[in-house]
Trainee: 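Sharing a structure, written as structure tokens. Questions coming.
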Amino acid sequence: MMQDVRWVWIGAAVLLALALAAPWYVYPVVVMEALCFALFACAFNLLIGYVGLLSFGHAAFFGSAAYITAHAVKVWGLPPELGILAGVAVAAILGTVFGWLAIRRQGIYFAMVTLALAQMVYFVALQVPFTHGEDGIQAVPRGRLFSVIDLDDTLAMYYFVLAVFLLGFALIVRTINSPFGQVIKAIRENEPRALSLGYHADHYKLVVFILSAALSGLAGSVKSLVFQLATLTDVEWTMSGWVVLMTLVGGLGTVLGPVVGAFFLVAMQHYLAQLGSWVTVVQGIIFVFCVLVFRRGIVGVIATYAVSRRATQAEGPPAVGGAAARGAP
Amino acid sequence: MFEFSHLSIPPAPALFAQLLVGLINGAFYAMLSLGLAVIFGLLNIINFAHGAQYMLGAFCAWFLLNALGLGYWPALVLAPLIVGLVGIAIERLLLRHIYRLDPLYGLLLTFGLALIIEGVFRQQYGSSGQPYAIPPELRGGRNLGFMFLPNYRAWVIFASLAVCLATWFTIERTRLGAYLRAATENPVLVQAFGINVPRMITLTYGAGVALAALAGVMAAPIYQVSPLMGSNIIIVVFAVVVIGGMGSILGAIVSGFALGLVEGLTKVFYPEASNTVIFIIMALVLLVKPAGLFGQAR
Amino acid sequence: MRFAIATIAAAVLALAVPAVAEISGDVVKLGVLNDMSSLYADISGPGSVEAARMAIADFGGVVNGKKIELISADHQNKPDVGSAIANQWFDNDGVDAIVDVPTSSVALAVQQIARTKGKVFLISGAASSDLTGKACSPTSVHWTYDTVALANGTGSAVVKAGGDTWFFLTADYAFGHALERDTAKVVEANGGKVLGKVRAPLNTSDFSSFLLQAQASKAKIIGLANAGGDTINSIKQAGEFGVVEGGQKLAGLLVFITDIHSLGLPAAHGLQLTEAFYWDQNDQTRAWSKRFFDKMKRQPSMVQAGVYGAVTHYLSAIKATGSDDGLTVVKQMKDTPVNDFMTKNGKIREDGRLVRDMYLFEVKAPSESKGAWDYYKQIAVIPGEEAFKLPGPNECPLVKG
């Protein structure tokens, strides 16, 4: 056991070192993009992995926060931290409304409701003048963080994005491992029993939904500052599909799965950009492959492999992590 | 901001014309969503590749014309058959393995398939689209007084109605349909009676895909035959099926026609929203009666 | 343990993100950025890359002792993809000039980036007049056409020929609105009247309802303020509903030869449109187009021909100034008249706009056409000054009146 904890700290330290040194060996904008999407995917994973609800409309939170932040920073002249706060607030409000409407439904109906609601957000984004339609909000200034740090400096922006990602990720991990998180898992495993124990399942699900929406909004807000753009792509249903794919590839219901999935897919998109339509075909093949053969995702497969190796070495009980590694059935 | 450009009610003849046009579109939606409803109702699979299969039907018709000289009428029969065979292959090779899983995996798998099919065609044909003319027998139109109705559009309504009724009849009123419905509810028992359930399921998926392809052939002369035609229409068709009730054939037909009408009216009063009104209705229906207007809760 | 292995695996995968490429210093690098796979792939796409390649080869492959290199990418008509590629190209890959970029929303984003970094932007595909208006840049040249020229061309020519009442069928997005607005101004300035308009969502497949409204308006001209698939669908369905037989005419505000190729002559004949180039105009255009056709198996669009012209002019300017600094080169381009197979006596304005002649074409009837791609007959030449004349004061900050 003690050995385990040490490994975890070592692993985390290695990752952190890599992340801090990244700008020197990788083009920082790509890493920032990957970090934003990783946060988005982690937020999405809260809903599918731990509550079991597949949302097909998460782009609504991601995109609306992006627009609000872009507008707040460019037109109202707010400093970046307040712009981000505004974006997250709007995403959270949207999440409350959507969640309250959609939580009553399960499975495919839940997915369809979220899709319908997200399409309405897309329509509003298209019509409302401040979004400038398909031009989007361009030339979004990054400003000075806390009036001190100039975010136009790529390095400063990178560390800021990294910090935001780590905070968001820590929040998610803390939530999952808290008493609140235990209740959520109990609801996922056996809702009637949880209800009989006196837990208001719907309330818990709604809280997770709002949290997921707010963190998706955080990802969107930061992304609009990284790229200095907020466009219709951010609210389209294909963006919702994109985040599903990232989580699926990385491993549903695992903690690191969405991060890995996001990095993998962003990298793939960059490498394959020359290939034009073949990118769509490759994405499709990955979807099919993941559903047929690779349902546990990258992290899930590695984790299961590691678990089975340890189980054959020691005589102890099978790893407790088995449930989470299994992912959604 | 939100421009209500046509809030004044147009004169009655113009309104009739718009309703008729809406009905024509509704016939189209009904036929297209029929295949989807059949596949979900009987197989519990959310066939996201439906739009791509519709596109395959249109391209098949174009190909038959350009490579083999076969016109519209043979294509109406051949294209659904060919694409139906492709559907059977998909079912055999891919879908078979995921029946025991959550239907959401079916959605993701077919979504991936749609991406593959569309990507390959886009790579090959670009997205400008290929020309496909209206068959000579159906060209021209007649002046109805309140509007000029093209003959081809009139054909679309009648053909769609015929196909919809034939499908509904087959499933609800014939023995084959009864076997199918029974096999969905209790495959083991039906298999025990000696009916080859897996083969029926394969054929059903193939039939649903063939219906999509048929809609594609009918669309080829009036819409652009382009690799993007499927993705433009797939979500609308989904909305139609969800509103009608995801397992119900009658629901898909009725809501297809109804939504065509609603969309037609929206195009008169608030045209910019005509793409979105369907989702508003879908959201409302899902919140009030999630099984859809005609569906049974599962 | 499991967590640790997973994290290390994640880290390894993270390294899959591409590393910094070598920055080139002794090379003149051009990047053709356009739509390779979707709506505008046929008017630009790989054809533009080929046109650029031809220009570089004709120039000799070397300028002032430096090798000329060419790369290309697909922006998928999305401003975020386009700006990500532009940033990477300028920061990492040593690209000196970006070429083409159809889709005005992407072009506006890329222009902003190019301006900030002092790099050159040669626009062939995009149409928005804002690129040389309020969003203008001293390192950009808008080469082939823009919405003002299209409005002045089709708009005024059609009104002068008797089409003085208009109804607009507009695609409901920023570009469609702009096209409609610019054309309406020209129509009214020439004594015509706009009887009404309807805005259809982008990527509508069925226009029957909108066409009915257009018919009901009884306007002589139905102006199609849309592009790509929407234009093709609306023309096709207008044929079905007997719009032209009913006495109305269609005016395509943004139509390319590839659209006509996709529609077929029976559906499209009689349509009037404005373009900057047609492969069959004269011996020079035919000669160049034949070279293009031999490689690409299709005739060039005006966008692709424009890419050739822009790249050639750019390389000449580098040769003349001995520098590849953005501002210097573009200034040289503005000081030199343009003369190639496509443009005669063209001059680049202070705001970056190349002023050149435009042509009003009408689509031939099937009986008049000798074969594939023989689609247009030239009706009129619109001299550059007239075509690119702005309806109001020039909004570009570079041009202080």
Side-chain angles (χ1 to χ4, degrees), chain A residues 48 52-54 56-57 98 100-124 126-131 236-238 241 244-245 247-249 252 275-293 295 328-329, chain B residues 1-3 40 44 46 48-49 52 93-95 97-98 100-124 126-127 227 231 235 238-239 241-243 246 272-273 275-287 290-292 297-298:
Chain A
I48 178 74
L53 291 170
L54 173 66
F56 240 86
F98 281 28
W100 183 78
L101 288 172
I103 288 287
R104 308 132 179 251
R105 304 293 163 232
Q106 309 254 2
I108 183 64
Y109 300 113
F110 177 83
M112 288 288 134
V113 174
T114 51
L115 176 63
L117 291 169
Q119 283 299 100
M120 288 190 258
V121 169
Y122 177 81
F123 175 68
V124 171
L126 186 58
Q127 297 296 325
V128 162
F130 87 86
T131 57
E236 257 180 344
W237 64 274
T238 37
V244 174
L245 182 61
T247 315
L248 187 67
V249 166
L252 289 167
L275 298 183
S277 279
W278 289 120
V279 181
T280 316
V281 179
V282 171
Q283 281 174 9
I285 295 177
I286 293 179
F287 251 112
V288 172
F289 182 70
C290 280
V291 169
L292 282 178
V293 173
R295 267 188 301 282
Chain B
M1 184 170 99
F2 291 93
E3 281 191 47
F40 186 78
N44 218 30
I46 302 155
F48 220 95
L93 294 172
L94 300 171
L95 291 175
H97 303 283
I98 59 164
R100 54 193 164 79
L101 297 177
D102 196 288
L104 289 174
Y105 276 104
L107 187 149
L108 292 173
L109 178 68
T110 49
F111 182 66
L113 275 172
L115 288 177
I116 296 175
I117 297 174
E118 196 186 283
V120 167
F121 270 78
R122 255 202 297 161
Q123 193 64 24
Q124 190 61 25
S127 37
S231 51
I235 319 201
F238 255 100
V241 172
V242 167
I243 292 172
M246 289 199 75
E272 295 88 334
N275 269 5
T276 315
V277 67
I278 286 188
F279 295 107
I280 300 177
I281 298 182
M282 175 162 109
L284 284 170
V285 168
L286 278 170
L287 294 172
R298 289 174 169 261

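Proteins get letters first, then strands, A, B, ... in listed order; numbering begins at 1 in each. What you see is a predicted model, and the numbers here were worked out from it, not measured in a lab.
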Trainee: Work out which heavy atom in A:Leu101 is nearest to a heavy atom in B:Leu287; give both atom names and the distance.
Mentor: O-CD2, 3.0 Å
Trainee: If you round to the nearest 0.5 Å, how far is CD1 of B:Ile116 from CD1 of A:Ile286?
Mentor: 10.0 Å
Trainee: Could you grab the distance from atom CG of B:Leu115 to atom CZ of A:Phe287, nearest 0.5 Å is fine?
Mentor: 6.5 Å
Trainee: So which part of B:Phe238 gets closer than 4.5 Å to some heavy atom of chain A, the side chain, the backbone, both or neither?
Mentor: side chain
Trainee: Not counting sequence neighbours, which residues clear side chain to side chain contact (heavy atoms under 4.5 Å, CB included) with A:Trp100? List them please.
Mentor: A:Arg104
Trainee: Between A:Leu248 and chain B, which part of the residue has a heavy atom less than 4.5 Å away: side chain, backbone, both or neither?
Mentor: side chain
Trainee: Got a sec, which residues hit ring pair (Phe, Tyr, Trp, His ring centres under 6.0 Å) with A:Phe56, two or more places apart in sequence or on another chain?
Mentor: none
Trainee: Heavy-atom distances under 4.5 Å only: say whether B:Ile280 touches chain A with side chain, backbone, both or neither.
Mentor: both
Trainee: With only heavy atoms counted, which part of B:Ile46 is less than 4.5 Å from chain A, the side chain, the backbone, both or neither?
Mentor: side chain
Trainee: Looking only at heavy atoms, which two atoms of B:Phe279 and A:Met120 are closest? And how far apart?
Mentor: O-CE, 4.1 Å
Trainee: My understanding is that only one of B:Leu109, B:Leu113, B:Thr110 makes a side-chain contact (heavy atoms from CB on, under 4.5 Å) with A:Val291; could you say which?
Mentor: B:Leu109
Trainee: Is chain A contacted by the side chain of B:Leu107, its backbone, both, or neither, given a heavy-atom distance below 4.5 Å?
Mentor: side chain
Trainee: Which heavy-atom pair separates A:Gln127 from B:Glu272 by the least distance, and what is that distance?
Mentor: NE2-CB, 3.6 Å
Trainee: Quick one: does A:Leu115's side chain get under 4.5 Å of B:Ile235's, heavy atoms only?
Mentor: yes
Trainee: Please state whether the side chain, the backbone, both or neither of B:Ala239 comes within less than 4.5 Å of a heavy atom of chain A.
Mentor: neither
Trainee: To the nearest 0.5 Å, what is the distance between CG (B:Leu286) and CZ (A:Arg105)?
Mentor: 8.0 Å
Trainee: May I have the step-by-step check of side chain to side chain contact (heavy atoms under 4.5 Å, CB included) for B:Arg122 and A:Thr280, ending in yes or no?
Mentor: CA-CA 10 Å; B:Arg122 255 202 297 161; A:Thr280 316; 3.0 Å; yes
